[in-house]
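The structure appears right after this line, and notes come after that.
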Amino acid sequence: MSLTPTKMRSIIEGLLYLTGEEGLLLDQIAKVFPDAPEPSIREILEKMKRDYEENEASGLMIVEIAGGWRLVTKPFMATYAEQFAAIPKMTPLSQASLETVAIIAYRQPISRMEIEEVRGVKSEKALHTLMAKGLIKEVGRAEGIGRPILYGITPVFLDYFGLRSLEDLPPLSEAVKDPGERPDEVDLLYNRYKETVKEWSDDNAEQATGEAK
Amino acid sequence: MSLTPTKMRSIIEGLLYLTGEEGLLLDQIAKVFPDAPEPSIREILEKMKRDYEENEASGLMIVEIAGGWRLVTKPFMATYAEQFAAIPKMTPLSQASLETVAIIAYRQPISRMEIEEVRGVKSEKALHTLMAKGLIKEVGRAEGIGRPILYGITPVFLDYFGLRSLEDLPPLSEAVKDPGERPDEVDLLYNRYKETVKEWSDDNAEQATGEAK
Amino acid sequence: MEYKVKIDAFEGPLDLLLHLIKTLEIDIYDIPVAQITDQYLQFIHHMRQLELDVASEYLVMAASLVAIKSRMLLPKPELPDEEPEDVYEDPEASREALMQQLLDYQRYKEAAEALKENEKSRMRLYTKPPSDLSQYGCADAALMPVSKRATVHDMMHALQQLIRRKIGREPLHTKIAKQALPIGKQMQAVVSVLKNTRQPVLFSALFPYSDRGQLVVTFLALLELMKKNVIACRQEENFSDILVSLEEGTDEFDPNEDAFHY
């Protein structure tokens with residue numbers, strides 16, 4: 001016996017409620033309806049999403065984040081949810097962490113040194129924070145001297161920024177013209193500059209650590 | 001400014017969803033609407049309850065027991081919830097188990113009550129699962145009333161998560177250590193300082209532009 | 001460990017340069033090195049006057065800016081053709097390199113801005129913790145699956161979720177606990193439930209909360225109502241469920257009567 005779309009809608013709604021923040025993957029739903037074709041399930045979800053959105057009498061809406069469907073409260077509810085909770089909000093990421101995670105997202109796998117080249121400053125603390133929040137992870141080591149750790153983003157990254165997939169990332173503005181065709185001298189100067197920075201900042205870091213003691 | 005019944009309904013729905021099976025007391029809802037008389041709130045709840053009941057396309061319903069209101073799944077959902085529960089999960093450890101084992105790893109030795117304080121929910125089942133999997137063990141008993149059992153992690157934990165030692169665990173973000181923490185004076189001071197610098201540099205830039213002209 | 005110094009609102013020398021370029025309305029594709037160098041140095045100078053520790057990155061940038069500027073003032077030396085090219089650092093090339101670096105950094109800075117917006121809207125979405133499905137017979141397998149292991153990062157994610165959830169929930173517990181629910185009020189609540197259902201209610205159904213304070217108050221309220229003959233409790237046999245019902249003629253029960261206030 002196959003289920004009517006109305007019945008299916010009610011079941012999906014129930015499952016969305018039960019799974020809450022964990023979310024529901026399309027193929028998990030499909031397993032509950034072995035006879036229903038996946039497109040029809042997606043159709044019901046999309047319809048449900050629209051219905052919730054348009055329904056002014058409802059404080060809920062459906063979002064698709066990182067491939068999972070979730071029932072969440074509408075943005076306007078945040079005030080009430082927070083007022084109700086009377087707890088300080090989650091602290092957003094610092095500018096340094098945002099820049100760092102952006103570089104990682106667009107350029108992964110990438111080493112700490114490469115990140116610091118782009119930012120022009122040390123980024124250890126930002127990496128630390130991002131690791132602790134589970135937004136990035138070590139994805140391997142580069143070839144070459146020191147075999148530096150390479151970083152990449154995690155699925156939590158998508159969740160944290162509410163993205164469906166990496167394709168949802170805001171487009172990066174157009175690359176600088178012919179970045180590969182820099183004259184050699186520039187690279188040399190650039191490398192020398194980098195090294196100076198490195199020495200300098202290592203010295204400085206040591207000093208700072210020394211002072212802290 | 002008073003809210004329309006439609007708006008109030010949407011807010012109540014959102015709050016009922018957020019509190020899930022735990023539900024809300026009428027009093028708690030009333031606090032969100034300081035200007036609305038309690039009977040009008042009750043009316044909205046009763047209406048919402050009827051609406052959900054009559055809506056065949058919804059898998060949810062509202063129940064009232066002893067002054068508490070809850071949004072729950074309709075009874076027919078049990079069959080589907082069972083079916084859904086039987087689907088192998090994406091992560092082999094449930095969210096509850098992961099949270100619990102993480103808390104133990106960072107705070108061992110720790111009692112069940114302390115774990116439940118951090119998680120805000122009962123954690124007996126998760127502890128059971130973790131014990132059965134050999135990821136945690138009893139490591140002693142605390143002093144004091146009832147001498148509660150203390151839990152710690154096992155070598156299997158390290159093996160399971162691919163860690164050489166506990167020191168390999170990612171640094172914990174401040175929020176987990178003390179979720180209630182507010183930005184302290186240092187941050188406030190820092191922000192004020194930032195503003196001063198910003199003002200200064202804007203002034204200076206203006207001056208410079210002036211000179212250049 | 002990152003050292004404590006970090007000047008002000010800027011994320012580093014590149015950020016500071018971008019700021020100067022913007023406020024001075026300079027064309028980033030044609031940076032007047034002399035002007036920007038002067039401004040940059042002036043800024044650093046003021047920072048130091050304020051006795052602020054200026055991070056080394058800023059000083060390194062200052063040094064290279066000065067180097068480019070001074071080389072630009074000198075005539076280009078006549079080099080014999082056989083000399084390797086890199087002996088002389090062409091200030092034009094250095095300026096170009098700096099521009100490239102600034103443009104590259106600017107792209108990611110913009111991307112970070114966009115992500116900040118995403119973060120902001122995502123933070124406004126709240127949700128409920130997953131329901132306990134164990135009642136539907138979902139048991140964590142007793143054996144550990146080897147193929148699909150949870151990772152440390154799954155665990156960190158779980159902790160983040162926990163924090164989010166606590167934001168929405170914690171006060172609920174504390175509020176109920178601290179409220180010290182008055183018995184009189186709870187008596188009203190029980191009576192109104194019985195009136196609404198118009199039929200006996202299961203004893204256990206009157207205790208929907210696991211909160212201890214709530215349980216005690218509800219229990220005391222029931223005892224008080226029994227004493228006042230407002231309700232009756234029935235038990236068919238030992239250990240069966242207790243049924244609670246309203247006594248006859250309690251319609252005039254006035255919950256606001258002083259006697260019910262504790």
Side-chain angles (χ1 to χ4, degrees), chain A residues 18-22 63 70-73 75 77-78 81 84-87 89-90 92-93 95-96 98-99 101-103 106 118-122 124-125 132-134 137 154 156 160-163 170 172-173 176 179 182-186 188-190 193 196-197 200-201 203-205 208-209, chain C residues 1-5 11-15 55-57 59-61 63-64 85-86 89-90 93-94 96-97 100-101 103-105 107-112 114-116 118-131 133 153 156-157 159-161 163-171:
Chain A
L18 290 173
T19 48
E21 74 191 1
E22 226 164 58
V63 289
R70 263 180 262 196
L71 195 59
V72 299
T73 53
M77 279 292 304
F84 198 68
I87 261 190
K89 280 195 274 185
M90 236 169 116
L93 290 176
Q95 187 63 28
L98 279 170
E99 283 178 13
V101 82
I103 294 167
Y106 290 99
V118 176
R119 296 193 58 227
V121 282
K122 291 228 141 204
E124 207 160 345
K125 192 162 159 267
K133 289 200 178 235
K137 61 180 175 189
T154 69
V156 181
Y160 187 85
F161 292 104
L163 304 167
L172 203 55
S173 69
V176 190
R182 268 184 289 185
D184 289 346
E185 298 97 320
V186 179
L188 274 172
L189 171 76
Y190 183 66
Y193 160 60
T196 327
V197 171
W200 253 96
S201 57
D203 284 351
N204 195 282
T209 325
Chain C
M1 194 191 88
E2 174 137 330
Y3 37 96
K4 52 189 186 295
V5 209
E11 284 300 323
L14 296 174
D15 200 18
S56 61
E57 288 99 338
L59 303 179
V60 173
M61 178 59 81
S64 39
E85 278 178 28
D86 56 72
E89 285 162 5
D90 181 5
S94 308
E96 174 89 358
Q100 297 281 9
Q101 206 186 359
L103 286 172
D104 202 32
Y105 172 67
R107 294 163 74 212
Y108 291 107
K109 196 172 141 74
E110 280 164 14
L115 283 178
K116 196 189 177 90
N118 281 53
E119 177 191 48
K120 210 166 119 195
S121 12
R122 177 68 181 90
M123 274 188 176
R124 291 179 71 79
L125 306 181
Y126 287 87
T127 182
K128 84 183 245 306
S131 303
L133 291 179
H153 129 256
M156 298 316 287
H157 184 211
L159 280 179
Q160 287 304 127
Q161 298 283 58
I163 296 163
R164 267 191 84 79
R165 192 180 69 217
K166 277 184 83 95
I167 286 167
R169 304 212 111 196
E170 186 154 60

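Letters A, B, ... mirror the listed sequences (proteins, then strands); counts begin at 1. Model, not experiment: these values are computed from the prediction.
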Which pair of non-hydrogen atoms, one from A/Val118 and one from C/Leu14, has the smallest distance, and what is that distance?
O-CD1, 3.2 Å
With C/Ala111 via side chain to side chain contact (heavy atoms under 4.5 Å, CB included) - residues at least two apart:
A/Ala102, A/Tyr106, A/Leu172
Strictly distance-based, threshold 3.5 Å: is any side-chain N or O of C/Glu119 a donor or acceptor partner for the main-chain N or O of A/Tyr160?
no
Could you tell me the separation between the CG atom of C/Leu125 and the CZ atom of A/Arg70, rounded to the nearest 0.5 Å?
9.5 Å
Below 4.0 angstrom, N of the basic side chain to O of the carboxylate: do A/Arg119 and C/Glu11 qualify?
yes
Bottom line for A/Leu71: the part with an atom under 4.5 Å from chain C's heavy atoms is backbone
Under the ring-ring contact (aromatic ring centres under 6.0 Å, His included) rule, collect the residues that match up with C/Tyr108, sequence neighbours excluded.
none
Heavy-atom pair with the smallest gap, counting every atom of C/Gly12 and A/Val121
CA-CG1, 3.4 Å
In short, A/Pro75 meets C/Arg124 closest at the heavy-atom pair O-NH2, 3.4 Å
So, for A/Gln95 and C/Ala112, which heavy atoms are closest and what is the spacing to 0.1 Å?
NE2-CB, 4.3 Å
Got C/Lys120 and A/Pro92 here, is their nearest side-chain heavy-atom distance under 4.5 Å?
no
Considering only heavy atoms from C-beta outward, does the side chain of C/Thr127 approach that of A/Thr73 to under 4.5 Å?
no
Do we see a donor-acceptor contact under 3.5 Å between the side chains of C/Tyr105 and A/Glu99?
yes
Reported CG-to-NZ distance for the pair A/Leu18 and C/Lys128, which is rounded to 0.5 angstrom:
6.0 Å
